[in-house]
Amino acid sequence: MPLVEAIREAIIRGEFVPNQRLVEADLSTQFEASRASVRSALLELTNEGLVERIQNRGARVRAVSLDEAVEISEVRMVLEGLCAAKAATAVTGEEIRELRSIGSSMREAVADGDLLGYSSLNQQLHRRVREIGGQRTASRMLERLRGQNVRHQFRLAMHPGRPTVSLPEHLAIIDAICTHDAEAAEAAARTHLRSVIKALKEVDRSGAGPAH
């Protein structure tokens, strides 16, 4: 895995937390890479918005405020709606079976109280919708936004009761795509992201800290 991807994934997984300093020497040892390669990777991640550089203090993981998390989700609402509409037009029979299977697994995860499993399936569903839709520009933008918002997303995923709210929203997206209803698919995706925005604010007020 290229170095920039490895560091990006470590941030997304929460291995590096918001405001944590990213010391070039430590990263060089951890990822068995040259200091120059680490510096280049951190510059790319700074451009993506995952890392910020502080004058005379080096790099650190960028913390995303609630207000910015809401803005990111508002942009996602438009892009995810576009991807869902495209997916409804392009989806094949085999992909329909795959999406239905993911939906069934999500139901089982919620019934079993498997929050981590549900969160993983959630990410898988959103990724497959993007891939099926084939809108590469929107997909690249969504991947970048997902990385910036990952801490809030995880908090949301672990929030009690959240999966029972988001499950029917996800199933509505699946149903619309699988019936080739582009308009309904876009509307379902937007409805889901509006729900995410509402939940982000509720979780922040509760102090539970950042799945959607």
Side-chain angles (χ1 to χ4, degrees), residues 1-80 82-83 115-116 119-131 135-159 162 192-193 196-197 199-201 203-212:
M1 180 187 293
L3 179 61
V4 68
E5 287 185 24
I7 298 175
R8 184 192 296 116
E9 283 302 311
I11 293 172
I12 289 173
R13 287 195 309 269
E15 191 175 324
F16 301 130
V17 300
N19 295 319
Q20 179 176 338
R21 285 191 64 210
L22 297 169
V23 181
E24 288 181 8
D26 294 345
L27 294 174
S28 178
T29 300
Q30 179 175 346
F31 294 100
E32 299 179 343
S34 69
R35 292 282 289 272
S37 297
V38 169
R39 198 171 300 120
S40 176
L42 290 178
L43 180 59
E44 187 169 337
L45 292 170
T46 300
N47 291 335
E48 288 184 16
L50 281 177
V51 170
E52 62 181 349
R53 302 194 75 85
I54 308 299
Q55 191 169 5
N56 301 323
R57 296 192 62 185
R60 69 180 183 185
V61 178
R62 193 169 74 85
V64 174
S65 67
L66 172 66
D67 287 345
E68 187 174 357
V70 168
E71 285 185 12
I72 288 170
S73 299
E74 288 171 343
V75 174
R76 278 188 58 206
M77 181 167 63
V78 177
L79 296 176
E80 298 263 15
L82 170 64
C83 289
L115 294 181
L116 285 174
S119 181
S120 176
L121 288 163
N122 175 9
Q123 293 178 35
Q124 181 184 350
L125 173 62
H126 283 273
R127 184 178 68 251
R128 287 301 290 134
V129 169
R130 292 196 300 271
E131 291 169 351
Q135 227 290 2
R136 288 190 295 273
T137 300
S139 293
R140 285 195 299 270
M141 294 173 71
L142 283 165
E143 274 300 304
R144 181 173 295 191
L145 292 171
R146 182 179 76 90
Q148 291 180 31
N149 222 15
V150 66
R151 300 296 296 176
H152 290 278
Q153 291 290 89
F154 186 75
R155 284 178 61 188
L156 192 50
M158 297 299 106
H159 192 56
R162 176 60 191 165
H192 171 54
L193 267 297
V196 167
I197 291 167
L200 282 171
K201 295 175 180 177
V203 170
D204 187 77
R205 281 197 300 270
S206 73
H212 102 185

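This structure is a prediction, so every number in the text was calculated from the model and none was measured.
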Let me see the working for R39 and L43 under side-chain contact (heavy atoms from CB on, under 4.5 Å), right down to the final yes or no.
-> CA-CA 6 Å; R39 198 171 300 120; L43 180 59; over 6 Å; no
Restricting to non-hydrogen atoms, name the atom on [X] and the atom on [Y] that form the minimum distance, rounded to 0.1 Å.
X	Y	answer
A63	N19	CB-OD1, 3.7 Å
A138	L82	CB-CD2, 4.3 Å
S28	S34	OG-C, 3.9 Å
R162	A199	NH1-CB, 3.8 Å

Does the side chain of V38 reach to within under 4.5 Å of the side chain of F31, using non-hydrogen atoms?
->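 Contact flag for V38/F31 side chains = no.
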Gap between atom [atom2] of [Y] and atom [atom1] of [X] - 0.5 Å precision:
X	Y	atom1	atom2	result
D67	L200	CG	CG	11.0 Å
E32	L27	CD	CG	13.0 Å
L142	H126	CG	NE2	10.0 Å
S40	L45	OG	CG	9.5 Å

side-chain contact (heavy atoms from CB on, under 4.5 Å) between L145 and L79: does it pass, once the steps are laid out?
-> CA-CA 11 Å; L145 292 171; L79 296 176; 4.1 Å; yes
Looking at [Y], is its backbone amide N or carbonyl O close enough to the side chain of [X] to form a donor-acceptor pair, meaning the two atoms are under 3.5 Å apart?
X	Y	result
S139	Q135	yes
T46	L42	yes
S73	A69	yes

Evaluate side-chain contact (heavy atoms from CB on, under 4.5 Å) for H192 paired with E80, printing each intermediate quantity in order.
-> CA-CA 10 Å; H192 171 54; E80 298 263 15; over 6 Å; no
Are R140 and E143 ion-paired here, with the side-chain N under 4.0 Å from a carboxylate O?
-> no
E68 and R62 ion-paired at < 4.0 Å =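 The answer is yes: the pair qualifies as a salt bridge.
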Report, one line per pair, each donor and acceptor closer than 3.5 Å where one atom sits in a side chain of residues 50-58; sequence neighbours left out.
| residue | atom | partner | partner atom | Å |
| --- | --- | --- | --- | --- |
| E52 | OE2 | R60 | NE | 2.7 |
| E52 | OE2 | R60 | NH2 | 3.1 |

Using side-chain contact (heavy atoms from CB on, under 4.5 Å) as the criterion, list what pairs up with V17, not counting sequence neighbours.
->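 V17 satisfies side-chain contact (heavy atoms from CB on, under 4.5 Å) with Q20, R151 once adjacent residues are dropped.
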